Structure formats: structure tokens, C-alpha cells
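Below: the structure, in C-alpha cells.
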Amino acid sequence: MAQITISLPDGSTRALDDGATAADVAASIGSRLAKAAVAAVVNGEEWDLGRRLPDGAAIAIVTSDSEAGRHVLRHSTAHVLAQAVTQLFPGAKYTIGPAIEDGFYYDFDLPEGRTFAEADLASIEQRMLEIVSADQPFERAELPIDEALKVFADQPYKCEIIERVRQGGADGADAGEVGSGEAISIYRNTPEFVDLCRGPHVPSTSKLGHFKLMKVAGAYWRGNEKGPMLQRLYGTAWESKAALEEHLHRLAEAEKRDHRKLAVELDLLSFPQELGGGLAVWHPKGAIVRKLMEDYSRERHVTGGYQFVFTPHLANANLFQTSGHLGWYQDGMYPPMEMDNGVYYMKPMNCPMHCLIFRSRQRSYRELPLRLFELGTVYRYERAGTLHGLMRIRGFTQDDSHIYCTEDQLQDEIASLLDFVMSVLRAFGFTDFTANLSTKDPAKYVGSDENWDRATDALRSALERYGLTYRIKEGDAAFYGPKIDIDVRDAIGRTWQLSTIQCDFNLPERFGLEYVGSDNARHRPIMLHRALFGSVERFFGVLLEHYAGAFPTWLAPLQARVLPVAEAHEPYALGVVEQLRAAGLRVDLVDATDQLGKRIRAAKLDKIPYVLVVGDSDVAATTLGVNPRGGDVERDVPLDTFVANVRQEIDEQLASARS
RNA sequence: GCCCAGAUAGCUCAGUCGGCAGAGCAUUUCACUCGUAAUGAAAAGGUCGAGGGUUCGAUUCCCUCUCUGGGCUCCA
């Protein structure tokens, strides 16, 4: 028999019989690898294990415990899901079903408008497990387009995908569902069940099994709001039972720090039904934290050279006509209020008003950069289905700044902005930042190409000067100018987009903004929009999840609680409270009505940084029993020492941000 | 806006095959006065999200709306 030679990633080569497959290679390396193998990469191309290798191939084995391997088994599990659904729901049309982060989904069109119920998940899962134990192969075949259309004759969505391949319009957005070129690749599990797919897949369904169907959702065919609404099933899939369980555990942990849950538990804020969707009221404890955040922000803005302004919450329609918001964005605004002297709208943004302030008198280049700052509350009529706790809300406060500068000042201004933004974010415990640079969408923009190029260059070189890693999002800019978004990574590794720095060529034009230059001629300023928290509400929500409700001492609503052991210790305890308050700490006292253990438990559940227990020995020696959050109890701490330590702790929490 | 699922005491939830609404925690009162994560007893607490329909009778079944959750789409 003829032989072929293949080379392995470590540089070694191996001789195999002609007709050998990737699975043979894995087996020849070791039985453990053979067991974990789910696919291969051959000459840079994704490859099924059972597919015959060409002579001279460079091959790497993909194992199930790698991201690439999980991707394969998730995608294969999606096929199993589709098969189970077509069996249990005769007439169901299956559309696309890609692997996604942590799992997969599959979109179905069920006959007669049937929908999945949560209760269906269990029976579908059961059928999937039967398919897994049936040890069905994933058999790859490549068909000419006309034949593929015959195979999927009763699957209109599949035919639509095939037709797009024929027209060369397959955009890959169908997440691995398309074939390539003239041939369509398909994978067959049984004589009855076949799916369109680029692959690769695991060799057999028996390689699968550690999955769970998570939820039912609606989704539009090809993401088109006008198109048919499909039924989407989401699942998660892993290489082992342990990995699956770990994932479910992670989800449970993330749920525990859900800001909506913590906001109720810690009595921070609420969304009363009577207010209407997406509108919150802040309770005293939440308000303290918010005020501290805002005060800190104000203080930093004062030293950062910003001038503070205030503007009203509503304005005559003329303003939003001038700014263009009524033209671009009316759907996102609260509906008009018809008044005797015109039509008024709630403001969806602060920038038009800041432009009015700029324009209120003649400006000189000597005033630039002019930095206007406002904690400005805006109202946007977000669509009902998009509201999400504090993260997507209809009335919110932007820490909004508009900076008017000359072209020459732009780059320095952006560089110092980056510095400012990250310094302030560090005070809130974020240390891991990445940036996105969004560039011009050629189909939708205003302003000259020259301006766009210059501004984009300024943003890019500021990022590089600052040494921040960034990704370029081509065409993702708003129509009025390029922007930088800052993402932060939180305590459990999730990223949140918070700050944004945007150039605007549109508003200075629309408002006819000008300054007098050193040449005594009039020039148009460049305008920057800049929000640091983004929205105070959303930032608060992110912080709440980041800290899991345990705010650092400087931000905690209550920094310490004093607990007298018994009634006899109350006078001393009151004295302690008084002294701590005099030292600027937020402290309360809970009297000895309940048992000490119970009061400590309540304080711990409230995530108070310090629980201070005072009894006989403390009264005698002016000391405290200090029970810190997440630490060990320390007895007989002198009151002065405690105060000094806490003050120092708070100073240190803020000092790192300013350095 | 679209698809799915929800809404019962302050919170977490049970329940009513259509017939006076239930628990734990929290609250209040009483007793206990206690040294580091739940003392005991009692009381109070509900338009069963809102409106309409069916019914002798609706928190329960049907419809509409509001709000919430999970997605899709959207996010100037």
C-alpha cells in the first residue's frame, strides 16, 4: 500500500498508509489524545477526524478541552438539537445553529405557529441524549448546488442559504452554515437527518453529552426585524460533566451579584411600577453611594480644568430641530408636549444646550479648550423590550462634558482625556482597560474626509501615546465623528463599555459655532463629547456587580456599625458613634434588643465594612472589638487606632487613582 | 417594537381541579441582657399587578393593558 507523510506541530513527521485519517494520527500519538480528539486542523483548514489526509499534510489535532475543540462539540451538539426537534415536532423547519460563547443555539420555524415552552426543553434534552447514545456518525459529503437543493427541498431556509451561496452572497455571517464555492458541504447523521454545514464535526454523537438546554427565545430570521420571527433554543455544552457543572456554577455566582437583586437586598433603589418602565427611585443608602460617586467626579473635574454648567430637562422643539436630533432620533425621544408657545421635548442629550452656552457670546481662542461639564439627566424612550435594570434605563444622568478646542489642541486634549478617564476609573477599583477606536462608516457620515482623517489620526496617536491596547472597529463610528470607547474588565472577568470620547463635526456646523483666532479671523472649533461613567445609573449598576455589593470603605453607605453587647454598654457605644462621626465616618448603632450573634449576622448581610462590638472590657479601656468584612475579629483595639486605620484605608483607596 | 415566560404580604416563595389566602425571613409588642453570622412567644401585615369578560361566585378560566425577566432588533 502506498504511503503518505504528514508533519506534526512539534516539527516531527510521520509516515502513514495512504487513506489514513486525522483520527489515525491522533491514535498513533496516544490513546488519551485519541479520546480527547474532536477535530483537526490540516494545512490550516478545519478538518474532520475521519476525513482522509492528503500527502504532505501539516496536521494539528484539536482536543475537546481547547476553545477550538469546544467550538466543534458545541456546533455538533446544535446539530443533535436540530435532529431532536425535527423528530419531536414534525414539520419543523430548521434554519441556522452556530456555536457561540459557552454553548450554541439553533433557530427553528415550527409548523402552524407553534412555539416552544420551557416545559419542552426537558423532552428535547431527553431525545438529544438518546441521539447521543445511538452513536450516530457525522458523515461529510459535498454536493453540487442543484443536488443540495433537492436534499433540502422541504427546508426553505436551507434552500435560501444555498441560493445565496450560488449567488456568491454567502457572507459567513451565517456562522459556519454555508458551504464554499460551487460545492455545498453537508453532514448526515441518519438517513433522515442531514444538515447544511461547513464543519468540522465530531466523528460521532457519542463524543457529545455534557450539555444543557438553557432557554427559549425569539429571534428574527437573518436578524431582520421585518422578517419572520423564529424560535431559538439556547444551550450550553462542555467537554466533561465537571466542566459543565463548573459553568453552571459560574452562572449561579454571576446571578448572585446581579445588580437588580443586590439593589433590593441592600435597599439601594427600586423601580416602582407606578413610575413606569425603566425609571428608578434612589433610596437613602443608594443615594449616599451615588452622591459619593458624583462628589468624587465633581472634585476631579474641578481639578481637571472643567467649568460646571446646568441646563434644563426640556426644551423647545426648535433646539432639537437645529441639533438635528428630531430628524435622526425622534423615535428614541419621549413624545412632544404641545404648549401654547410651541412644542417641547424632554432632552435626550445635553450637547445642544452646551452648544448654546458656547454660542452665548463671542469666543476667543484664548478660552480654548473650553471644557463644559454637567451631570445632566436625559430621557430616552428606549423600546420596551430593551430595558434592563440600571443598565438600560429611560431616565439617566450623564457625567457629560463637551470640549471645544482648536484643531491643534485636539491630540493633546485627547491624550490628557485618556489619562483623566482612566485615573478616575481606577478610584472605583478598575485596573484592566482596553479601548476601541471606531472609524468612519462610508455609507453614513457628515463632515469632510479630511477632517475625519485628521480626527481619527488624533485619536489613534493619543491611544498609542498613552500605550493603551485598542481594537479598530471599522465603520462603527456615529455619523458625526470618530470615537474611542473604553472597556473595563470587572472582578469576575466580564467587560463593560463605560467611557466614550467622541469627535463631532456636526454640531459645531449646525449651531454655527465660531471663535476668533489669533489671526483675528473666525474659525470653527472642534467639539468633543466625553462621558466617563457614561451614565451614573449604569456605572452604579456595574460597580454594584463588580464589588458584589461590598463597596470599598470610602464608598460604603455605612462604614461601621457599633453593637453594644448588652444594654449596659449603650452609653459607651453612643460615645463611640459620636467620635467616629466626628472623624467623618458613616456609622450607626443597633441596640441590644436582639442577641449579638443575630445583630452581627444582619450587619454582615448588609456588607458593612466594620462591625464594632463593645462590651465590659472596652468600656473600661476605651477599646473596640473590630470585626472587619472578610477578615478576622480583633479584640481590644484602641478607638483612636481604629479611626486612624480607617482614615488611612480610605485615603489609600483614593490615592492610587490620583498618582 | 417582535417571540417566550412571569406578576400572590416589605423580601423569598407555596397555594387555590372556580367557594373566607399560607409559610419562612423582615416589622411591631412582650420576655430574655447575651463577647462575634439566626433566643423564645405573640401580634400585625394582602384590592392575589390593573381593567374588562364568562360565572350564583374569579386571585384561579378568557381578553386587553401595565410592569418584570430571557432573547431578537435597536442604542444618535
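Note on naming: letters A, B, ... go to the chains in the order of the sequence lines (proteins, then strands), and numbering restarts at 1 for each one. In this text the structure is predicted, and so the values were computed from the model without any measurement.
Both tests pass for A/Arg394 against the ring of A/Tyr381: distance under 6.0 Å to the centre and angle within 45° of the axis.
In RNA chain B, consecutive stretches of 3 or more Watson-Crick or G-U wobble pairs with both distances under 3.5 Å are given as paired ranges: B:1-7 with B:66-72, B:10-13 with B:22-25, B:27-31 with B:39-43, B:49-53 with B:61-65.
An OP1 or OP2 oxygen of B/rC11 is reached within less than 4.0 angstrom by no side-chain nitrogen or oxygen of A/Arg260. OP1 or OP2 of B/rC72 lies within a sub-4.0 Å distance of a side-chain N or O belonging to A/Tyr234.
Near RNA chain B, meaning a heavy atom under 4.0 Å from it, residues 631-642 of chain A has A/Val633, A/Arg635 in order of number. Of the residues in residues 560-575 of chain A, those placing a heavy atom less than 4.0 Å from an atom of RNA chain B are A/Val565, A/Ala566, A/Glu567, in numerical order. The stretch residues 607-626 of chain A comes close to RNA chain B through A/Val613, A/Gly615, A/Asp616, A/Ser617, A/Asp618, A/Gly625, each having a heavy atom under 4.0 Å from the strand.
For the C1' atom pair drawn from B/rU27 and B/rA9, the interatomic distance equals 11 Å after rounding to whole Å. Taking the C1' atoms as reference points, B/rA7 lies 15 Å from B/rA14, given to the whole Å. Taking atom P on both B/rG71 and B/rU59, the two are 34 Å apart, rounded to the nearest angstrom. Comparing B/rC62 with B/rC4, their P atoms are spaced 15 Å from each other, to the whole Å. Between the P atoms of B/rA31 and B/rC48, the separation comes to 37 Å (whole Å). A distance of about 13 Å separates the P atoms of B/rG6 and B/rG15, rounded to the whole Å.
For residues 566-575 of chain A, every residue pair satisfying the side-chain hydrogen bond (donor to acceptor under 3.5 Å, both in side chains) rule, not counting sequence neighbours, is listed here: A/His569-A/Asp616.
Partners of A/Gln497 under the side chain to side chain contact (heavy atoms under 4.5 Å, CB included) rule, at least two apart in sequence or in another chain, are A/Asp485, A/Asp487. Every residue meeting the salt bridge (charged side-chain N to carboxylate O under 4.0 Å, His left out) condition with A/Arg260, not counting sequence neighbours, appears here in chain and number order: A/Asp258. Considering only residues two or more places apart in sequence or on other chains, A/His259 meets the ring pair (Phe, Tyr, Trp, His ring centres under 6.0 Å) condition with none of them. Shown here are the side chain to side chain contact (heavy atoms under 4.5 Å, CB included) partners of A/Thr553, two or more places apart in sequence or in another chain: A/Gln559, A/Pro609, A/Tyr610, A/Val646, A/Glu649, A/Ile650, A/Gln653. Every residue meeting the salt bridge (charged side-chain N to carboxylate O under 4.0 Å, His left out) condition with A/Asp449, not counting sequence neighbours, appears here in chain and number order: A/Lys440. Applying the salt bridge (charged side-chain N to carboxylate O under 4.0 Å, His left out) criterion to A/Asp490, with sequence neighbours excluded, gives A/Arg494. With sequence neighbours excluded, no residue satisfies salt bridge (charged side-chain N to carboxylate O under 4.0 Å, His left out) with A/Lys444.
The closest side-chain heavy-atom distance from A/Ile472 to A/Thr439 is below 4.5 Å.
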